[in-house]
Amino acid sequence: MVLLSKPSKNIGGVFEWNSAIRECVKQNCSHKALLLFRQMKQNGLEADNFTFPLLAKASANLCSLSSSQIIHSNVLKSPFWSDLYVQTAMLDMYVKCQQLTDACLLFDRIPVRDVASWNVMVLAFAQSGFLDKVLGLFRDMRFDGILPDTVTVVGLTRASLDSKNLALVKSVHAFGIRIGIDGDVSMANTWISAYAKCEDLSSAMAVFNGVEIGVRTVVSWNSLIAGYGSLEKFINALSFYKWMLCDGYRPDTSTIVSLLSSCIQPDKLFQGALIHCHGIKLGCDSDIFVVNALISMYSRCSDILSSRFLFDGMTDRTCVSWTAMISGYAERGDLDEALRLFHAMEVAGVKPDLVTVLSLVSGCGLTGALELGKWIHQYAFSNGLRDNIVVCNALIDMHAKCGNIIGARELFNVLPVRTVVSWTTMITGCALNGEYKEALDLFSLMVEFGLKPNHLTFLAILQACTHAGFLEKGLELFHMMREVYNINPGVDHYSCITDLLGRKGRLKEAVELVESMPVKPDAGIWSALLSACKIHRNVEMGEYACGRLFELEPDLEGAVPFVEMANIYASERRWDEAAAVRRAMKINKVKKFPGQSLVRVNGKPHVFTVEDRGHPDSLLLYATLDSLSLQSKEEEYWPYLEDFVT
DNA sequence: ATAGGGTTAG
């Protein structure tokens with residue numbers, strides 16, 4: 001710990017006490033700083049205009065409202081209550097303690113305000129995302145005749161970033177140039193990361209290149225690397241990292257964290273581990289930010305055991321550490337372990353926050369764990385998350401994915417505010433549960449409310465049309481998407497329309513669409529076409545689709561195209577060709593992966609396949625199934641014959 | 001001045 005040299009009672013003047021307090025604040029022992037203040041008073045010494053700002057800082061670090069109020073009342077009793085420096089420190093203290101109202105009251109009472117006091121307010125509202133308030137303050141500040149400085153412009157940039165408002169970032173940038181602060185490195189660094197966050201990497205690059213090589217700091221590089229990493233341009237992020245090393249810069253924790261958090265795919269495990277090694281070499285591998293980033297990197301790269309190893313080795317785990325680990329298990333469907341950690345977290349005295357709840361909710365949706373999902377729903381609502389739109393959206397999604405469309409609808413209907421995500425989630429849920437008409441109605445209603453559907457909304461509604469076989473409606477929406485909303489369809493949108501045309505027997509149009517689309521067709525689109533060819537017994541188109549499919553996936557891993565093609569030949573009684581496909585399968589040793597199903601019984605997941613006799617109770621299970629099919633025969637229910645062809 | 005866990009799709 002820190003060397004807390006207590007000033008001796010004999011020689012201790014205010015100056016010595018101030019130095020001791022400053023040392024405590026610097027070493028992150030803010031509670032000791034406040035204790036020293038009490039001792040100082042007990043020794044009959046009064047705080048001065050240097051003591052109060054230090055105490056304010058300590059109180060802000062602790063986010064302690066009660067100590068803030070004590071310090072404030074001491075200030076009011078002192079002769080320094082009118083000192084501008086002290087007042088700004090008080091202001092900052094209230095802001096850091098989340099007491100915006102108190103800060104405003106204080107701010108209004110300060111007779112003469114300088115840049116620093118205005119900046120505290122601008123930054124406070126910028127951090128809370130009140131763009132209107134920030135712009136209003138900025139205007140009033142100008143009316144007051146105060147010249148903004150870099151801190152003000154940083155606040156403005158941060159506020160415009162919250163809504164990813166690129167136009168506003170640009171105009172703030174222009175303003176910065178006008179008042180001549182664009183030569184400042186920290187200002188340039190802020191703009192690099194701001195442009196990156198608004199997904200305008202060329203502007204970010206332009207600002208970066210505008211900073212002279214000798215003036216660039218690690219933060220300049222970090223901002224660029226974080227920008228490319230968060231836009232899933234890992235290769236670029238990595239090459240900038242290499243470039244940074246070549247230029248002789250020493251990466252810091254932030255560099256490592258940004259790089260780690262851009263390794264989000266299983267095939268990035270090697271690179272992720274490499275960055276881990278760099279972290280070790282730099283000596284920052286035990287930094288809590290780095291460890292948290294490592295946990296989520298390993299889990300997202302499908303190496304959950306390494307995540308767990310790091311997690312178990314931690315001495316201090318924050319809410320983020322627990323959540324990273326929990327969401328790792330939840331994402332891969334291991335809800336038992338996720339829940340065990342959730343309870344362990346509460347035992348350890350760490351309070352879960354909304355992100356923790358969100359990971360569990362999405363895990364329930366992924367595995368269809370409705371009972372657990374309902375429990376977490378209850379938990380979220382009794383812990384003050386009832387009004388949180390993000391949590392509610394996740395809950396709607398969970399209910400719908402678990403087949404509880406009624407629960408999803410109930411929640412959706414009572415939402416006080418519905419975002420585009422809420423509507424999209426509900427439409428997806430309806431499509432998933434066969435409520436195609438409702439999906440279409442919701443879509444019209446959403447548009448009537450004046451909300452702008454995005455590419456995912458269109459995907460949801462097009463999928464509903466595809467499943468329902470609404471060809472005209474689907475085509476209409478597809479056109480609306482491009483003409484009215486200016487959204488470029490992705491491969492998934494094209495896939496829906498191809499599937500829809502194919503199913504309706506309009507194979508020629510389907511193929512023409514695929515051939516003319518501006519995005520590269522994927523395997524899914526050709527598979528959809530192939531199965532349409534099977535339904536409509538079209539050998540030529542089938543062969544064509546099959547050929548394209550093999551071009552895309554020459555490894556011949558899956559059996560599906562073979563089986564489909566053999567069936568198409570068989571349906572046209574072209575037995576020789578059907579047999580040839582079967583032979584080709586044998587020669588190429590094509591593996592047949594049976595489709596798996598998952599069902600939860602008493603909270604325990606059971607995975608099974610067609611004709612699965614591996615379960616200990618399989619005899620009983622199949623007996624039950626037989627009686628069920630007997631029953632359905634009696635009730636004259638006949639499943640589609642098509643389902644049994646393959 | 002930069003940085004860690006997350007809602008709709010997959």
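Below, chains carry the letters A, B, ... as their sequence lines are ordered, and counting in each starts from 1.
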### Task
Can you sort out the partners of Lys452(A) under salt bridge (charged side-chain N to carboxylate O under 4.0 Å, His left out), two or more places apart, ordered by chain and number?
none

### Task
Quickly work out the Ile427(A) CD1 to dT8(B) P distance and round it to whole Å.
15 Å

### Task
Measure from the side chain of Ser327(A), starting at C-beta and using heavy atoms only, and say which of dG5(B), dT2(B), dT7(B) lies closest.
dG5(B)

### Query
Has Arg216(A) got its NZ or CZ under 6.0 Å from the middle of the six-membered ring of Tyr249(A), at an angle within 45 degrees of the ring axis?
no

### Message
Is the phosphate of dA3(B) approached by Lys197(A) (side-chain N or O, under 4.0 Å from OP1 or OP2)?
### Response
yes

### Message
Whether Arg317(A) contacts dG5(B) is assessed here as follows: a side-chain N or O lying under 4.0 Å from the phosphate OP1 or OP2. Is that the case?
### Response
no

### Query
Contact class for Thr318(A) vs. all strands (heavy atom < 4.0 Å): base, sugar-phosphate, or nothing?
base

### Query
Just checking Gln265(A): base, sugar-phosphate only, or nothing, at a heavy-atom cut-off of under 4.0 Å?
nothing

### Task
Report the distance from atom OG of Ser261(A) to atom CG of Asn292(A), rounding to the nearest 0.5 Å.
11.5 Å

### Task
With sequence neighbours left out, write down each residue that passes ring pair (Phe, Tyr, Trp, His ring centres under 6.0 Å) with Tyr485(A), or none if nothing qualifies.
Phe458(A)

### Query
Got a donor-acceptor pair under 3.5 Å from the side chain of Thr425(A) to the base of dT8(B)?
no

### Message
For DNA chain B, which residues of residues 345-352 of chain A approach it to below 4.0 angstrom with any heavy atom?
### Response
none

